Q: 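The structure's right below; bear with me while I get my questions together.
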There are 2 protein chains.
Amino acid sequence: MTIGLAHAELIAVLSAVTGDEPRVMTVRSGDALPSGPFELGHRSLQAGLREWVGDQTGHPLGYLEQLYTFADRDRTHEDAEGRTISISYLGLVREQAAPGAGKPGWHGWYEYFPWEDHRGGRPEILAAITGRLQDWVAAETARREHRRRRVDFAFGLDGAAWNEDLGLQRYELMYEAGLVAEAGCSPAKSFGRSMFADHRRILATGIARLRAKIKYRPVVFELMPESFTLSQLQRTVEALAGLTLHKPNFRRLIDQQELIEETGEATSETGGRPAKLFRYRHAVLEERALSGSKLPLSRN
Amino acid sequence: MTIGLAHAELIAVLSAVTGDEPRVMTVRSGDALPSGPFELGHRSLQAGLREWVGDQTGHPLGYLEQLYTFADRDRTHEDAEGRTISISYLGLVREQAAPGAGKPGWHGWYEYFPWEDHRGGRPEILAAITGRLQDWVAAETARREHRRRRVDFAFGLDGAAWNEDLGLQRYELMYEAGLVAEAGCSPAKSFGRSMFADHRRILATGIARLRAKIKYRPVVFELMPESFTLSQLQRTVEALAGLTLHKPNFRRLIDQQELIEETGEATSETGGRPAKLFRYRHAVLEERALSGSKLPLSRN
DNA sequence: GCCGGATATACTCACTTCGAGTATAAAAGG
DNA sequence: CCTTTTATACTCGAAGTGAGTATATCCGGC
């Protein structure tokens, strides 16, 4: 009995935010996520990836978290013998000063998912997408209502609000409905830039995870420079979430968490009243899971 | 170059709640979690595990979710050639009627983590644990404050409240401090029942994930019978969280989510006023992520 | 048949949080 | 000096949350 021998591969979703644009590190001029074999010498998966990223890119890797492990049959690689297991990670990189618009290897998230950026209102492309999805719903007979609910929920239709966390569900629905090139549809009828194999799905997984996480863990600061203004911080969160936020309330939220402190300096780069500079209070670091219970505790 | 050839193994944390006790399926009379090789024939990891569990146990598997993939060097198996990659899953099983107290294979969570059950107040064993942890903090010189903060936060000391979600962090701290048998300390000085290899850590991962998830996703219902009373539901949540909840507020929480509906029947099993029976509204199923934003949106 | 114990269910109230809007301050440029 | 632009500060009502109290309905004993 041949038991579970397989190739192990690491895939990284490395993200940074430059100015207002969330970006991901790619190879093959934007067609694939960086990946490599899991070498035997490494102490752990985490350590292996960290080391490997340090070598490949100049950037030091701040935050690193495991995303998901894929091993579907259709992912079999070159050789028939054995299957490939892909272990994906999400990493956050602090983009130092140099935005480098044309930096090779870094591509904007929303090239791949143009329907996910709602900062300028609901993107026009969504009308076309949901139109095609309606056809797909109508094409089903047996479980049509179930399908309709899934679409309405994921895309904020029929009274439901747009939920930025559902990027993965949206991509998977579009895949099922044959609206993306990876599903085999013609490039002319597909939406967003496609990627090699299932890399775009892995990217969607990473984006969704990060969007969910910034709400209850102070991970945004892994993307910020040493000192920053509140507006910069807000624009970074907005870039990740693909949404615009209410300024006064954002500021209230931030300072009641006591995650940052003033540096004492100010900057007048943006033309207008100079903004105070802040820094992250490293004292809180890993600890502190914001808020919490949500369960109605009793006093015992 | 030998690239990433490894053994692949699936490990399952299968949980159920019988009465007031959360349980996990084990093998080797409670010393290990069920696991098996990842066979090549399966369509995907998920499908492979689901099929395998169906064969091994009679129970159908309701909910299934990937937990984490481990591949640390110290996990190397029998043969030196190649490393073992363990992909762990969390599965929820609906315990049908028969509680079977002495059911072989099912053990209570709190045998392994006696300090995690706070339903009867703060467990006495915690005093001993935190005492030993204080020694461990004192033994550090360079980063003593960091260590102290980690301990205080994880165990709810020095003003911090007990947070049921931090079970994994607590176990890892105890491992670091050498308070569990798996870390090589003498059985006399260790806390809780130990398991084979890193299985107890995987169990802690599953418990922590489930405790966090019941707060924002209706997964509890995967553990409930077809119809149930509100008290039963509350006791199940309490068993998982290891906490007692405020009854009136729990009921308010439940019915404002509109996740359940009355069956029309009632039961008078518990002696007292008969309780109405409810059933889960399957209409909402996968959809609906409870609540959501937490980010201060603007009206655009 | 009535009463206390036990459990289920319903309602109230103060306090905090949250969405939304308005007002003031400090720079730059014509 | 006045307008534009961005930063910062304050207010208010609606909704949500923690905590406690009141009423309903069964069981068993007297």
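None of these values were measured; they are calculated from a predicted model. Protein chains get the first letters and strands the later ones, always in sequence-line order, with residue 1 at the start of each. Values below: every heavy atom of this structure, side chains too, minus hydrogens, waters and symmetry copies.
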Q: Rounded to whole angstrom units, what separation is found between the CD atom of A:Gln256 and the C1' atom of C:dG19?
A: 13 Å
Q: Determine whether a donor-acceptor pair (N or O, by modelled atom type, separation under 3.5 Å) exists between the side chain of B:Arg209 and the backbone of B:Gln66.
A: yes
Q: Among the nucleotides D:dA9, D:dG18, D:dA7, which one has an atom lying closest to any side-chain atom of A:Ala275?
A: D:dA7
Q: Residues two or more places apart in sequence or in another chain: which of them pass salt bridge (charged side-chain N to carboxylate O under 4.0 Å, His left out) with A:Lys276?
A: A:Glu262
Q: Are side-chain N/O atoms of B:Ser15 and B:Arg23 paired as donor and acceptor at under 3.5 Å?
A: no
Q: Has A:Glu238 got a side-chain atom pairing as donor or acceptor with A:Leu245's backbone, closer than 3.5 angstrom?
A: yes
Q: Find the distance A:Leu295:CG to D:dG18:C1' and express it as a whole number of Å.
A: 14 Å
Q: The side chain of B:Asn249 is closest to which nucleotide in this list: D:dT8, C:dT22, D:dA19?
A: D:dA19
Q: Could you pull out all residues at least two apart from A:Arg132 that satisfy salt bridge (charged side-chain N to carboxylate O under 4.0 Å, His left out)?
A: none
Q: Counting only side-chain heavy atoms from C-beta out, which of C:dG21, C:dT9, C:dC18 sits nearest to B:Lys276?
A: C:dT9
Q: In terms of the nearest nucleotide of DNA chain D, which residue is placed more toward the 5' end: A:Phe278 or B:Arg252?
A: A:Phe278
Q: Could you give the CG-to-C1' distance, from A:Leu245 to C:dA20, as a whole number of Å?
A: 14 Å
Q: Treat primed atoms plus P, OP1 and OP2 as sugar-phosphate and everything else as base, then score nucleotides 24-30 of chain D 5' to 3': B for base contact with protein heavy atoms under 4.0 Å, S for sugar-phosphate contact only, - for none.
A: BBB----
Q: I need the B:Leu297 CG to A:His118 NE2 distance, nearest 0.5 Å.
A: 12.0 Å
Q: How close or far is atom P of C:dT9 from atom NE2 of B:His246, stated in whole angstroms?
A: 16 Å
Q: Using a cut-off of strictly less than 4.0 Å, decide whether B:Arg251 has a side-chain nitrogen or oxygen near OP1 or OP2 of C:dA8.
A: no
Q: Could you tell me how far apart B:Asp255 (CG) and D:dG16 (P) are, to the nearest whole angstrom?
A: 13 Å
Q: Using atom CG of A:Leu230 as one end and atom C1' of D:dA9 as the other, report the distance to the nearest whole Å.
A: 13 Å
Q: Side-chain N or O of B:Lys247 less than 4.0 angstrom from OP1 or OP2 on C:dA8?
A: yes
Q: Any base atoms under 4.0 Å from A:Thr229, or only sugar-phosphate, or nothing? Heavy atoms, all strands.
A: nothing
Q: How many angstroms lie between atom CZ of A:Phe250 and atom CG of A:Leu233, to the nearest 0.5 angstrom?
A: 4.0 Å
Q: Nearest whole Å is fine: how far is D:dG20 P from B:Phe250 CZ?
A: 19 Å
Q: May I have the distance from A:Leu253 (atom CG) to C:dA20 (atom P), rounded to whole angstrom?
A: 14 Å
